[in-house]
Q: 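This is the structure I want to talk about, given as structure tokens.
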There are 2 protein chains.
Amino acid sequence: MNLRELSEKLGLSQTTVSRALNGYPEVSDATRRRVVEAAAQHNYRPSSRAKSLATGRSMAIAHVIPVPARHEMVNPVFADFIAGASDVYAQSGYDMLLSVADDGDEEAIYRDLASRRSVDGVIVHAPRVDDARLQLLLSLGLPFVVHGRFGNATEGYSWLDMNNRRAFARATRFLTDLGHRRIALVNGVADMDFAARRADGYSGALDDVGIAADPALLLHGEMTEHHGYRSAHDLLAGVDPPTAFLASSLIIAIGIRRACEEAGLTLGRDVSLVTHDDDLSYFRNGTDEAIYTALRSPVREHGTLCARMLLQLVADPGTTPMTRLLEAELRVGHTTGPAPRDR
Amino acid sequence: MNLRELSEKLGLSQTTVSRALNGYPEVSDATRRRVVEAAAQHNYRPSSRAKSLATGRSMAIAHVIPVPARHEMVNPVFADFIAGASDVYAQSGYDMLLSVADDGDEEAIYRDLASRRSVDGVIVHAPRVDDARLQLLLSLGLPFVVHGRFGNATEGYSWLDMNNRRAFARATRFLTDLGHRRIALVNGVADMDFAARRADGYSGALDDVGIAADPALLLHGEMTEHHGYRSAHDLLAGVDPPTAFLASSLIIAIGIRRACEEAGLTLGRDVSLVTHDDDLSYFRNGTDEAIYTALRSPVREHGTLCARMLLQLVADPGTTPMTRLLEAELRVGHTTGPAPRDR
DNA sequence: TGCGGTGTTCAAAGCGCTTTGGCTTTCGGG
DNA sequence: CCCGAAAGCCAAAGCGCTTTGAACACCGCA
């Protein structure tokens, strides 16, 4: 069933039917009712392709998520982020296009999206400290919102980020206040912007209380359980092991927990652990009471907010870039305690 | 830059330019070279909207993933599944559309997809035992492939599934062979098809060795860490606790592990645990050696295979439905051991 | 010289919608 | 009674592509 068929069936012109369905005023109430009814009855919906061709707007947003081919790692936070974003799209009648980009073809993907005009805007994920994408995106003229930031380039484009620096400074301070002096940070890959800011907050806070940062305690890697396990395992087996861990994600924290458990150490007593917590739907950090002491920043909400920002940008391309910095909440759970006196 | 502009710049007709770019034979080599070069230079790519309108194929596949509004649970396996599928799409020039469906508007989403003709096919996720979607999908005439199966309806449509029944029967048997007689299954939501099949395999295997299934040991719920923890916690605190657990996912297993740890029980010695393992990228069950004794079936591969099936179906709608049943591999890790003699 | 064949190119129609710019009809006010 | 405005509807153009059907030039061959 297409517009022509529907209008013939109704004995009206395509113009009138189109206007009736799109809520234009110059259609009588009686006619509009008839049209709307017939459309519902015949299950008619305008072809999205034809509609976008005619209007010039594709009513779709792309999310480009990087999946490095070398380790095929898909960051699990995307699932929840996307769920949050898609709520917004659904309400506004937008479709969501997902592009999985290997490091190699990242640039090609953005160019493609722009020149094929398949979407009205893009959400950019996983920005790096020094990222060629910023210039590319600006040159393409496609509205975009970044989840995170591009290193020092914090102006001239729209982004939403959590205050990684402050959050991790606060967590570090929380541990030093408990008497810990050897604190390890099990972080994400070093060139990821969020990881750099977290490392920054961590070493800044150590600095503030006069603790010299030990490079051996700062570990970068993919945000996997294995990275958490291996890092903690090696550190605990080495000389002068840390008494506390900071983890960049709950998945990493689980790995750390497994290593501690194996070493016969109890979290919150022998070893302390503070983790970042994206509040993933399948891994809530406790329902009423926190299990892990954690910095919480719900990524699903990030998705919702980014999507709203982008739609606003798309609706009014003249808008000056919007930025939004969210603070994480520190929730004290059962995985932290005073530093052991001696070991 | 559009086709008209490009062809004017080249002094050729749109027809010729289009044919040159699409590899039609009736264009001289010299002309084709000129056209291809100019297109690359001006960064021209045909508008996907116009192209699909003209060809009638939208060159896009939708994935409809259910996210029940009541608990907002996003199954983390989707991320890896989708990564696998999108490889295939990228190679064939397809886009991927993601629709997040609440229980309520599931039907509306499929109807919408079909009548707006925004995609050429659909991948259906999370089928239930008794699912109205099957009839709906068949009536819509949109090619589709189901990841899983719809209960007893295993014919007349294309699906890819793992052999849940056999896998869980095997795991159960593995545990009874170790002397366990009280085995709990911490499963997914009861009306999910995969959960039903797993429960089936489990109770079938118990039957075979003459153990009466205790309904108190079969627990259904969302596939969250919390579900694993709570289930194990309650069972271990109750009378006649199980000596072994079967978990329907690694996330659930982590919850079970936490409960055991809290109860002072060591996995593999005091309590045994076999889990299903989707081989998620961020949570590999060990690199060379398995951590958890597990039934492994890589969901990323499922994604790749489903996508290939669907593209084939789209290319040739006359094809008879394809089905594919994959066997899971049992890998023995450190979480299982003989049943304790007495407790 | 004429003719069919071949290789190369083009004009124009059509995909299913939106939207511009009329065209009628109705109605109230002078 | 006439006129202008307003309400309601429509034909046709246009969005950017593909594809049909035809044109044209050139060839070898009879």
Side-chain angles (χ1 to χ4, degrees), chain A residues 1-36 38-39 42-60 93-95 112-120 142 315, chain B residues 1-36 38-39 42-60 93-95 112-120:
Chain A
M1 172 70 49
N2 60 23
L3 184 60
R4 189 177 47 75
E5 286 162 17
L6 183 65
S7 57
E8 274 168 11
K9 199 154 293 210
L10 282 162
L12 287 167
S13 74
Q14 298 189 32
T15 311
T16 305
V17 175
S18 172
R19 309 213 103 140
L21 292 173
N22 289 319
Y24 282 74
E26 56 274 77
V27 177
S28 75
D29 282 357
T31 308
R32 191 189 304 279
R33 250 196 310 279
R34 263 184 69 216
V35 170
V36 169
H42 294 93
N43 211 18
Y44 168 80
R45 286 177 195 72
S47 146
S48 41
R49 319 191 287 243
K51 186 164 185 159
S52 10
L53 187 56
T55 57
R57 322 188 58 209
S58 54
M59 297 304 280
Y94 277 78
D95 286 330
D112 211 58
L113 248 23
S115 53
R116 289 168 55 214
R117 271 142 302 169
S118 31
V119 295
D120 295 327
L142 194 61
Chain B
M1 172 69 49
N2 61 23
L3 184 61
R4 188 177 48 74
E5 287 163 18
L6 184 65
S7 56
E8 274 167 11
K9 197 154 293 206
L10 282 162
L12 287 168
S13 73
Q14 299 189 30
T15 309
T16 305
V17 175
S18 171
R19 307 213 104 139
L21 291 174
N22 289 318
Y24 281 73
E26 56 272 77
V27 178
S28 75
D29 281 356
T31 309
R32 192 189 303 278
R33 251 196 309 279
R34 263 183 70 216
V35 171
V36 168
H42 294 93
N43 212 18
Y44 167 80
R45 285 176 194 71
S47 146
S48 43
R49 318 192 286 243
K51 187 163 183 159
S52 0
L53 187 57
T55 57
R57 323 188 57 209
S58 54
M59 296 304 281
Y94 276 77
D95 287 329
D112 211 59
L113 249 22
S115 53
R116 290 169 55 216
R117 271 142 302 168
S118 31
V119 294
D120 296 326

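Throughout, a chain's letter reflects where its sequence line sits, starting with A, and its residues are numbered from 1. Please read these numbers as outputs of a predicted model, since none were measured by experiment.
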Q: Could you pick out which residue, B/Glu26 or B/Ala54, lies toward the 5' side of DNA chain C when each is mapped onto its nearest nucleotide?
A: B/Glu26

Q: Please determine whether a side-chain nitrogen of the Lys or Arg among B/Lys9 and B/Glu5 lies less than 4.0 Å from a carboxylate oxygen of the Asp or Glu.
A: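 Answer for the salt bridge query: no.
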
Q: With a cut-off of less than 4.0 Å, is there a side-chain N or O of B/Thr16 near OP1 or OP2 of C/dC10?
A: yes

Q: Calculate the interatomic distance between A/Asn22 atom CG and C/dG16 atom P; express it in whole Å.
A: 17 Å

Q: What heavy-atom pair brings A/Ser115 and B/Arg45 nearest, and what distance separates the two atoms?
A: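 That would be OG-NH1, 2.7 Å.
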
Q: Taking OP1 and OP2 of C/dC10, is either one under 4.0 Å from a side-chain nitrogen or oxygen of B/Ser13?
A: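 Indeed, a polar side-chain atom of B/Ser13 lies that close.
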
Q: Could you state the atom-to-atom distance from NZ of B/Lys51 to C1' of C/dG14 in whole Å?
A: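 About 17 Å, once rounded to whole Å.
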
Q: What are the two closest non-hydrogen atoms of B/Tyr44 and B/Met1, and how far apart are they?
A: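 B/Tyr44 and B/Met1 have their closest heavy atoms at CD1-O, 3.4 Å.
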
Q: Under 3.5 Å, is there a donor on one side chain and an acceptor on the other for B/Tyr24 and B/Arg32?
A: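 No - no donor-acceptor pair under 3.5 Å links their side chains.
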
Q: Take the protein atom CG of B/Asp29 and the nucleotide atom P of C/dT8, then report the distance between them rounded to whole Å.
A: 8 Å

Q: Please determine, for the side chain of B/Arg19, which listed nucleotide (D/dC15, C/dC10, D/dC17) has the closest atom?
A: C/dC10

Q: Is A/Thr15 side chain donor-acceptor paired with the D/dA11 base, going by distance under 3.5 Å alone?
A: yes

Q: Find the distance B/Tyr24:OH to D/dT18:C1' and express it as a whole number of Å.
A: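 It is 7 Å, rounded to the nearest whole Å.
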
Q: How many whole angstroms separate atom CZ of A/Arg34 from atom P of D/dG8?
A: 15 Å

Q: In terms of side-chain heavy atoms of B/Asn2, which of D/dC17, C/dG16, D/dC9 is nearest?
A: D/dC17

Q: When you measure from the side chain of B/Ser28, which nucleotide among D/dC9, D/dC17, C/dT9 comes out closest?
A: C/dT9

Q: So A/Thr31, base contact, sugar-phosphate only, or nothing? Heavy-atom distance under 4.0 Å.
A: sugar-phosphate

Q: Scan A/Arg49 against the nucleic acid and name what it touches under 4.0 Å (heavy atoms): base, sugar-phosphate only, or nothing.
A: nothing

Q: Taking CD from B/Gln14 and P from C/dT8, how many angstroms apart are they, rounded to a whole number?
A: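 B/Gln14 atom CD is separated from C/dT8 atom P by 21 Å.
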
Q: Tell me which nucleotide among C/dG16, D/dC17, C/dC17 gets nearest to the side chain of A/Tyr44.
A: C/dC17

Q: Among C/dT9, D/dC17, C/dC17, find the nucleotide with the atom closest to the side chain of B/Val27.
A: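 Minimum distance to the B/Val27 side chain belongs to C/dT9.
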
Q: On the nucleotide C/dT18, are OP1 or OP2 found under 4.0 Å from the side-chain N or O atoms that A/Ser18 carries?
A: yes

Q: What integer distance in Å separates A/Leu3:CG from C/dC17:P?
A: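 The answer, rounded to whole Å, is 5 Å.
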
Q: B/Arg32 CZ to C/dT9 P: how many Å, rounded?
A: 10 Å

Q: Do B/Asn2 and B/Ser47 make a side-chain contact, defined as non-hydrogen atoms from C-beta onward lying under 4.5 Å apart?
A: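 No, every pair of side-chain atoms sits at 4.5 Å or beyond.
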
